[in-house]
Amino acid sequence: NAVPHFDMKPGQRLTPLREVGMDARTLVGASTLPEIAARAPTDKPILEVSDITKAYTIRKSGWFGSTEAAVKAVDGVSFEIKRGECFGLVGESGCGKTTVSKMIMRAVTPDTGRILYRDGGREVDIHQAPQAELDKLRTRIQMVFQDPFSALNPRMTVSNILTEPLEV
């Protein structure tokens with residue numbers, strides 16, 4: 001009964017081989033409990049992105065020499081993420097999703113705007129933070145790359161893709 005099978009009824013659960021007691025001290029370690037308590041929910045968002053922009057200069061070559069033009073990769077993006085909230089950044093190919101992610105990680109510097117990260121009572125301006133603060137920050141934030149062709153089945157609707165894990 002601990003092995004999934006195809007003829008399982010909706011809502012049927014697997015039987016564990018042995019019961020495991022749930023104790024927060026053993027799951028996260030007793031030494032981290034004060035840190036977790038310090039991250040109690042607040043009214044302020046954990047990540048605040050305010051009016052960030054990024055433009056790249058491209059050089060075009062032609063018959064009469066080359067010219068430079070600015071291409072806006074990100075233009076005035078703002079959003080907030082509260083603790084425990086799920087947030088998805090969605091858009092067509094080339095609209096700047098990866099550039100926004102890189103700016104949050106400080107792999108790319110925005111031309112304008114501000115990115116604040118709040119955790120454990122401290123507030124970090126990501127683009128003003130020293131390297132030591134960035135090292136701590138990068139243990140809490142990371143990029144997740146997605147290959148849409150392997151992650152999303154083109155034969156399924158978005159609704160089916162989103163509800164499938166809930167049904168399982």
Side-chain angles (χ1 to χ4, degrees), residues 24-25 27-62 66-154 156-168:
R25 294 179 205 290
L27 293 176
V28 297
S31 63
T32 60
L33 286 178
E35 179 186 335
I36 291 169
R39 286 189 254 136
T42 64
D43 292 339
K44 293 183 179 180
I46 191 167
L47 183 68
E48 185 177 340
V49 176
S50 303
D51 200 30
I52 57 172
T53 62
K54 181 65 180 175
Y56 293 99
T57 304
I58 60 168
R59 188 172 291 154
K60 295 181 180 181
S61 296
S66 63
T67 59
E68 290 186 352
V71 175
K72 290 184 181 179
V74 175
D75 188 17
V77 173
S78 298
F79 57 87
E80 294 178 348
I81 304 173
K82 293 189 176 181
R83 179 169 296 288
E85 186 176 46
C86 291
F87 180 83
L89 189 58
V90 180
E92 62 188 24
S93 179
C95 73
K97 301 179 300 289
T98 301
T99 304
V100 168
S101 301
K102 287 180 178 181
M103 286 190 280
I104 292 170
M105 294 298 297
R106 199 168 123 177
V108 170
T109 303
D111 296 333
T112 64
R114 188 171 181 193
I115 301 171
L116 292 176
Y117 176 74
R118 296 180 184 97
D119 195 21
R122 50 189 190 120
E123 184 173 286
V124 179
D125 183 342
I126 291 178
H127 292 283
Q128 303 298 323
Q131 189 62 44
E133 191 70 35
L134 276 180
D135 292 342
K136 289 180 191 175
L137 175 76
R138 289 180 176 149
T139 64
R140 311 284 303 153
I141 298 177
Q142 65 181 354
M143 291 182 68
V144 177
F145 297 99
Q146 177 182 324
D147 174 11
F149 298 107
S150 65
L152 304 175
N153 185 343
M156 294 175 71
T157 65
V158 172
S159 176
N160 289 344
I161 292 169
L162 295 174
T163 58
E164 182 183 32
L166 300 173
E167 291 172 359
V168 171

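Computed from heavy atoms alone, side chains included, the values below leave out hydrogens, waters and symmetry copies.
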Q: Sort and list the pairs that fulfil side chain to side chain donor-acceptor pair (under 3.5 Å) and have at least one residue in residues 84-95, not counting sequence neighbours.
A: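 Those involving residues 84-95 do not exist here.
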*Would you call K54 and K102 a side-chain contact if the rule is heavy atoms closer than 4.5 Å?*
no
If you define the side chain from C-beta out and look only at heavy atoms, does anything of I104 sit under 4.5 Å from Y117?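 A side-chain contact under 4.5 Å is absent here.
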Measure the [atom1]-[atom2] distance between [X] and [Y] for me, rounded to the nearest 0.5 Å.
{"X": "I126", "Y": "I141", "atom1": "CD1", "atom2": "CD1", "result": "4.5 Å"}
{"X": "I81", "Y": "E48", "atom1": "CD1", "atom2": "CD", "result": "11.0 Å"}
{"X": "Y56", "Y": "D111", "atom1": "OH", "atom2": "CG", "result": "8.5 Å"}
{"X": "L47", "Y": "R83", "atom1": "CG", "atom2": "CZ", "result": "11.5 Å"}

According to salt bridge (charged side-chain N to carboxylate O under 4.0 Å, His left out), who are the partners of [X], at least two apart in sequence or on a separate chain?
{"X": "D51", "value": "none"}
{"X": "E133", "value": "R122"}
{"X": "E68", "value": "R59"}
{"X": "K72", "value": "D75"}

All side-chain contact (heavy atoms from CB on, under 4.5 Å) counterparts of [X], not counting sequence neighbours:
{"X": "L89", "result": "F87, K97, V100"}
{"X": "L166", "result": "none"}
{"X": "Q131", "result": "L134, D135, R138"}

Please enumerate all residues that pass side chain to side chain donor-acceptor pair (under 3.5 Å) together with [X], with sequence neighbours excluded.
{"X": "S50", "answer": "none"}
{"X": "N160", "answer": "T157"}
{"X": "E123", "answer": "R118"}
{"X": "T53", "answer": "T112"}

message: Consider side-chain contact (heavy atoms from CB on, under 4.5 Å). Of V124, D125, V49, which one does L116 pass it with?
response: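 The side-chain contact (heavy atoms from CB on, under 4.5 Å) with L116 is passed solely by D125 among V124, D125, V49.
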Minimal heavy-atom distance between H127 and M103, with the atoms involved, is NE2-O, 2.8 Å
